Amino acid sequence: MAPTHVLRCCQRGLAWIPVIFIALVVCWSYYAYVVELCVFTITITNIGEQIVYLIFFHLFFVMFVWSYWKTIFTTPANPSKEFCLPKAEKERYEKEERPESQQEILWRAASTLPLYTRTGAGAIRYCDRCQVIKPDRCHHCSACDMCVLKMDHHCPWVNNCVGFSNYKFFILFLAYSLVYCLFIAATVLQYFIKFWTLCRRKSAENCPKSENNPAKFHVLFLFFVAAMFCISILSLFSYHLWLVGKNRSTIEAFRAPVFRTGSDKNGFSLGFRKNIVQVFGDQKKYWLLPIFTSQGDGLTFPTRLVNSDPEQATVTLHPDSNKCMPDVSVSPLSESQNRLLSNEQHANNAEDHLADNPLKSAESETITISMESES
């Protein structure tokens, strides 16, 4: 046990190296821009330029550091106690050796839970490590050694799991780091060209008097670093914006979630506007601030309960009381789900019409929904 504990502590310590590296680069960039560029490089005759540069630089710097801090130190959300097996059921589950019997125990325990996703084989998603039934979009992170609600990925640059509790902060961190690098590269460019063109000449009399000034190195290197980070962050930020618009996590982009009706990569998509609101919240005035405003509780999410995929099995429902239909339990939508789906009035009107005229509806048309066979 002792060597394992020591190894685990070493791994946790080494995991902070990327974060420390980013922190050192950010601190150096602050010194290089404020001191070496704005104080020593920009002449005193351009006092207006100095003030404007410093104001916008500190604005972007504060927002960048704030969002980065929130992304790092926000604790990932975990499944609640209701998703844990009762003590008696847990003991039975551990004693059972047959997977079929274990699944029967899980099905009984999950009958009252708001679950819509399954494993690839159609079984209940259960984490043996955390001993919890996984809520929809929840996955186990081996690096954090815990199940994380709406897990997107584990990011080494923040040494934390990006999921439901800090996904908005992560998006803002990418956005402000991109703006931060773009601003530095744009404002340093003219001085980068000046040092690069004049100081590369071999003739000493043609070089500026401050050729040996450390500001030359800082300005040149600052532009290279800002441009390099800008290119890499731009691709990652664009990808995550696409994921937000599709209401997918990085895991779901590579492996589509499996519902009762089968796998559906767009199963959680509610439309572009609602997908954005689900991550950033209803109030637009808080969208650009690293304050938690995401909708829902991370345990349940609105889904496309009706899937019109013609390749999947379908069951035709007739308003005949003599027909015996399979009992499929679907837990009611949570408050966040009802709020997101509140404007679906046309669906409600159709249901009211069918309830008022059951016999007429039976003669004219049938309702077909997709349903997974649980046999």
Side-chain angles (χ1 to χ4, degrees), residues 67 70-86 106 109-118 124-127 129-141 144-154 160-172 240 243-252 257-260 264 266-271 273-287 289-305 329-344:
S67 58
K70 294 285 288 184
T71 306
I72 295 174
F73 294 104
T74 299
T75 304
N78 309 120
S80 59
K81 293 182 179 180
E82 63 179 338
F83 288 87
C84 297
L85 289 177
L106 295 179
S111 60
T112 58
L113 297 177
L115 299 177
Y116 295 98
T117 56
R118 303 285 187 264
I124 296 294
R125 302 192 315 128
Y126 182 76
C127 179
R129 180 76 174 177
C130 300
Q131 295 184 335
V132 295
I133 297 175
K134 295 180 183 178
D136 294 339
R137 316 185 82 174
C138 175
H139 299 275
H140 184 86
C141 176
C144 297
D145 195 24
M146 66 175 67
C147 285
V148 180
L149 297 181
K150 195 188 176 184
M151 179 179 172
D152 188 88
H153 69 288
H154 183 90
N160 198 3
C161 244
V162 178
F164 174 76
S165 60
N166 62 349
Y167 189 60
K168 177 190 174 183
F169 306 149
F170 178 73
I171 296 295
L172 292 179
H240 277 278
L243 290 178
V244 172
K246 296 291 186 179
N247 203 341
R248 301 177 195 168
S249 65
T250 301
I251 296 176
E252 293 166 353
V258 180
F259 296 87
R260 292 169 177 154
D264 186 356
N266 294 318
F268 292 106
S269 180
L270 307 174
R273 184 183 64 84
K274 289 184 179 180
N275 294 342
I276 297 295
V277 169
Q278 192 176 95
V279 175
F280 290 93
D282 294 320
Q283 298 181 327
K284 295 182 179 180
K285 61 182 179 181
Y286 296 123
W287 281 12
L289 297 177
I291 300 173
F292 183 80
T293 55
S294 301
Q295 292 185 341
D297 55 6
L299 298 171
T300 59
F301 297 90
T303 59
R304 296 184 176 184
L305 300 180
S329 60
V330 179
S331 300
L333 296 178
S334 64
E335 180 182 354
S336 62
Q337 290 173 307
N338 288 326
R339 182 169 65 254
L340 284 172
L341 300 176
S342 58
N343 64 346
E344 303 293 339

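One is the number of the first residue; the rest follow in order along the sequence. Because the structure is a prediction, the values reported are computed rather than measured. Quick note: numbers below take in every heavy atom, side chains included, and nothing from hydrogens, waters or symmetry partners.
- Of all the heavy atoms in Asp282 and Val277, the pair that sits closest is OD1-CG1, 3.2 Å.
- If you take NE2 on His139 and SG on Cys127, they are separated by 11.5 Å, rounding to the nearest 0.5 Å.
- Heavy atoms from other residues, nucleotides or ligands lying under 6.0 Å from CZ of Phe73 number more than 12.
- Each of Val244, Leu243, Leu270 was scored for a side chain to side chain contact (heavy atoms under 4.5 Å, CB included) with Asn275, with one residue passing: Leu270.
- Using a distance-only test at 3.5 Å, with no hydrogens or angles considered, no donor-acceptor pair links the side chain of Asn166 to the main chain of Lys70.
- Judged purely by atom type and a 3.5 angstrom limit, Asn160 uses its side chain to pair as donor or acceptor with the backbone of Thr71.
- A distance of 11.0 Å separates SG in Cys147 from CD in Gln131, rounded to the nearest 0.5 Å.
- Here Leu299 contributes atom CG and Asn78 contributes atom CG; the two are 10.0 Å apart, rounded to the nearest 0.5 Å.
- Shown here for Phe280 and Thr293, the closest heavy-atom pair between the two residues is O-OG1, 2.6 Å.
- Side-chain atoms of Val132 and Lys81, non-hydrogen and from C-beta on, never get closer than 4.5 Å to each other.
- With values rounded to the nearest 0.5 angstrom, Met146 atom CE is found 8.0 Å from Thr75 atom OG1.
- A distance below 6.0 Å separates the ring centres of His240 and His153.
- At a cut-off of 3.5 Å, with distance as the only test, a side-chain donor of Asp136 or Thr117 sits close to an acceptor on the other residue.
- Nearest heavy-atom pair across Val279 and Ser294 is O-OG, 2.6 Å.
- Between Ala110 and Ile124, the shortest heavy-atom contact is CB-CD1, 3.9 Å.
- With Arg125 contributing its side chain and Cys138 its backbone, the two residues share a donor-acceptor pair below 3.5 Å.
- In plain terms, the two heavy atoms of Pro76 and Val148 that are nearest each other are CB-CG1, 3.9 Å.
- Note: Lys168 NZ to Thr74 OG1 = 11.5 Å, rounded to the nearest 0.5 Å.
- A pairwise comparison of heavy atoms in Phe292 and Ser165 identifies CD1-O, 3.6 Å as the closest pair.
- Taking the side chain as every heavy atom from C-beta outward, Cys130 and His140 approach each other to under 4.5 Å.
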Chi angles and distances behind the side-chain contact (heavy atoms from CB on, under 4.5 Å) call for Leu85, Leu106: CA-CA 8 Å; Leu85 289 177; Leu106 295 179; 4.1 Å; yes
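- Note: Glu252 CD to Asn247 CG = 7.5 Å, rounded to the nearest 0.5 Å.
- Looking only at side-chain heavy atoms (C-beta outward), Pro302 and Gln278 come within less than 4.5 Å of each other.
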